Visitor: 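One structure follows; several queries about it will come next.
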Amino acid sequence: MDRIAGRASAPSRQPTLIASVQRALRLLEAVGGFLQGATAKQLARAAGLPLGTTYHLLRTLTHEGYLRRADGRFYYGDSVDGIGRADDRQSERSDLRARMERLRDELGAAVYFALYRDGEVTVVDVAAGAHQPAVEPWADFRVTAHAHAIGQCLLGQLPEEARRDHLARHPPVGLTPSTLADESAVLRRLAALRPTMPVVERQEYALGTVCAAVPITVGSVVATMALSLPLDQADRLTAAAGRLRRSVGAMTPSFVL
């Protein structure tokens, strides 16, 4: 019984904390209290740290770009600005997600956001639901861009040389009886796409599914917003694609994620 009681009264384990990281963060916080920059001695006092430790941490933080030194004073560096920009990107991502969910509910369809990045199709986010099921990715989206609306829309925004490069790395294959699998035919199709119009695909990637994708070009970013519907709702595709196009035109997130 004593052993049991002893175990019951044992203190819970505390999380492992890294003291040097805590000290570095205290120094970074201290810099924010000096509008005109601060010397090492001022920062040591403000952070409650020994001066020797402060010098070592300041040297490391400056080397990593979190601080910069000018005329013997320390200021925030570019890496701290990068943290702030990351926070902005997270906020934009949350805003984009909320917009996608509203679109899903308005259109009654699963909604997708994708980018063409580093030579590949990247599906960034999907807003689906119990009544708006997403397409089952049974074949890798990156290597089947010729077959689905997302990939066709992204490739359609690229220069011809980039399209040929993509298809050389990921040759078209027949996924369903409706898939266009001849490379020359795929290139002709991509060349005929209109820059601002939705790309429509019917059962080319997956049987039982129809899709549409709207091109989005922001600077050098190549992106698309897309939707999918089950085949028994195919009669809604054209109207839903038009609504998606109008909605995307009114959206203002950065799309650079």
Side-chain angles (χ1 to χ4, degrees), residues 89 92-93 95-97 99-100 103-104 107 109-127 134-135 137 139-173 175 178-206 209-229 237-257:
R89 287 194 295 271
E92 290 167 354
R93 176 69 175 270
D95 181 56
L96 177 60
R97 174 70 184 184
R99 290 168 184 256
M100 289 176 64
L103 273 175
R104 174 200 63 198
L107 299 174
V111 175
Y112 310 75
F113 177 65
L115 300 169
Y116 193 80
R117 185 162 54 193
D118 299 327
E120 301 293 350
V121 172
T122 301
V123 178
V124 176
D125 205 353
V126 181
V135 177
D140 193 334
F141 261 45
R142 293 170 298 178
V143 302
T144 57
H146 66 287
H148 48 74
I150 287 174
Q152 293 171 26
C153 189
L154 293 173
L155 294 180
Q157 297 176 65
L158 301 178
E160 182 178 355
E161 182 178 355
R163 295 174 191 161
R164 290 183 178 276
D165 173 74
H166 183 93
L167 295 176
R169 289 182 289 112
H170 305 303
V173 296
L175 300 179
S178 300
T179 308
L180 194 61
D182 177 75
E183 182 174 327
S184 297
V186 171
L187 287 169
R188 288 194 298 271
R189 178 192 208 175
L190 295 174
L193 295 176
R194 296 171 62 184
T196 62
M197 298 302 292
V199 176
V200 175
E201 169 257 305
R202 293 179 171 84
Q203 300 193 92
E204 296 181 47
Y205 173 78
T209 303
V210 295
C211 304
V214 175
I216 301 169
T217 303
V218 181
S220 60
V221 176
V222 176
T224 182
M225 193 76 76
L227 65 87
S228 67
L229 291 167
L237 183 63
T238 300
R243 289 178 63 188
L244 178 65
R245 180 192 177 209
R246 291 189 294 273
S247 297
V248 168
M251 292 171 70
T252 56
S254 72
F255 294 115
V256 185
L257 304 174

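The basis for the numbers below is simple: all heavy atoms, side chains too, and nothing from hydrogens, waters or symmetry mates. Because the structure is a prediction, the values reported are computed rather than measured.
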Visitor: So which atom in Ala145 and which in Leu155 form the shortest heavy-atom distance, rounded to 0.1 Å?
Guide: CB-CD1, 3.8 Å

Visitor: Quick one: pull up CD1 in Ile216 and CE in Met225 and give me the separation to the nearest 0.5 Å.
Guide: 5.0 Å

Visitor: State, yes or no, whether a side-chain contact exists between Gln157 and Tyr116 at a heavy-atom distance under 4.5 Å.
Guide: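 Gln157 does not reach Tyr116 side chain to side chain.
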
Visitor: Please list, chain by chain and in numerical order, all residues satisfying side chain to side chain donor-acceptor pair (under 3.5 Å) with Thr179, sequence neighbours excluded.
Guide: Thr176

Visitor: What pair of heavy atoms forms the shortest contact from Cys153 to Pro215, and how long is it?
Guide: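 For Cys153 and Pro215, the tightest heavy-atom pair comes out as SG-N, 3.3 Å.
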
Visitor: Keeping the roles fixed (side chain from Arg245, backbone from Met197), state whether a donor-acceptor pair exists under 3.5 Å.
Guide: no

Visitor: With sequence neighbours left out, write down each residue that passes side chain to side chain donor-acceptor pair (under 3.5 Å) with Asp140, or none if nothing qualifies.
Guide: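 Checked Asp140 against side chain to side chain donor-acceptor pair (under 3.5 Å); matches are Arg142.
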
Visitor: Which residues pass the side chain to side chain donor-acceptor pair (under 3.5 Å) test with Ser228, not counting sequence neighbours?
Guide: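 Tyr112.
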
Visitor: Test Leu193 against Val199 for side chain to side chain contact (heavy atoms under 4.5 Å, CB included), laying out the working first.
Guide: CA-CA 7 Å; Leu193 295 176; Val199 176; 4.0 Å; yes

Visitor: The criterion is salt bridge (Lys or Arg N to Asp or Glu O under 4.0 Å); which residues satisfy it with Asp165, sequence neighbours excluded?
Guide: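 By the salt bridge (Lys or Arg N to Asp or Glu O under 4.0 Å) rule, Asp165 matches Arg169.
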
Visitor: Quick check for you: to the nearest 0.5 Å, what is the distance between Leu103 atom CG and Arg243 atom CZ?
Guide: 9.0 Å

Visitor: Taking only residues two or more places apart in sequence or in another chain, which ones pass side chain to side chain donor-acceptor pair (under 3.5 Å) with Glu161?
Guide: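 Here no residue qualifies.
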
Visitor: To the nearest 0.5 Å, what is the distance between NE2 (His166) and NE2 (His146)?
Guide: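 Atom-to-atom, His166:NE2 and His146:NE2 are 9.0 Å apart.
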
Visitor: Nearest 0.5 Å, please: how far is CG in Leu229 from CG in Leu107?
Guide: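 Going from CG on Leu107 over to CG on Leu229, the span is 8.5 Å.
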
Visitor: Over all heavy atoms of both residues, which pair between Ala212 and Leu244 is shortest? Give the atoms and the distance, please.
Guide: O-CD2, 4.4 Å

Visitor: Compare all side-chain heavy atoms of Thr209 with those of Glu201 and state whether any distance is below 4.5 angstrom.
Guide: no

Visitor: For Glu204, what residues pass the salt bridge (Lys or Arg N to Asp or Glu O under 4.0 Å) criterion, not counting sequence neighbours?
Guide: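 So Glu204 forms a salt bridge (Lys or Arg N to Asp or Glu O under 4.0 Å) with Arg189.
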
Visitor: Please identify which of these residues, Val222, Ile150, Leu115, meets the side-chain contact (heavy atoms from CB on, under 4.5 Å) condition with Val121.
Guide: Ile150

Visitor: Looking only at heavy atoms, which two atoms of Leu180 and Val186 are closest? And how far apart?
Guide: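 What the structure gives for the nearest pair is O-CG2, 3.4 Å.
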
Visitor: Using the side chain to side chain contact (heavy atoms under 4.5 Å, CB included) rule, take Leu227 and Leu237 through it: C-alpha gap first, then chi angles, then the decisive distance, then the call.
Guide: CA-CA 9 Å; Leu227 65 87; Leu237 183 63; 3.8 Å; yes

Visitor: Could you tell me which non-hydrogen atom of Ala181 sits nearest to which non-hydrogen atom of Pro172, and how far apart they are?
Guide: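 Minimum heavy-atom separation between Ala181 and Pro172: O-CB, 3.3 Å.
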
Visitor: Any idea which heavy atoms bring Met100 and Val111 closest together, and the distance?
Guide: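 So the minimum-distance heavy-atom pair works out to CE-O, 3.5 Å.
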
Visitor: Once rounded to the nearest 0.5 Å, what's the spacing between atom CG of Leu190 and atom CZ of Arg163?
Guide: 5.5 Å

Visitor: If you round to the nearest 0.5 Å, how far is SG of Cys211 from CD of Gln203?
Guide: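 It comes to 10.0 Å.
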
Visitor: Mind telling me whether His148 and Tyr205 have parallel, tilted or perpendicular rings, with 30° and 60° as the class edges?
Guide: perpendicular

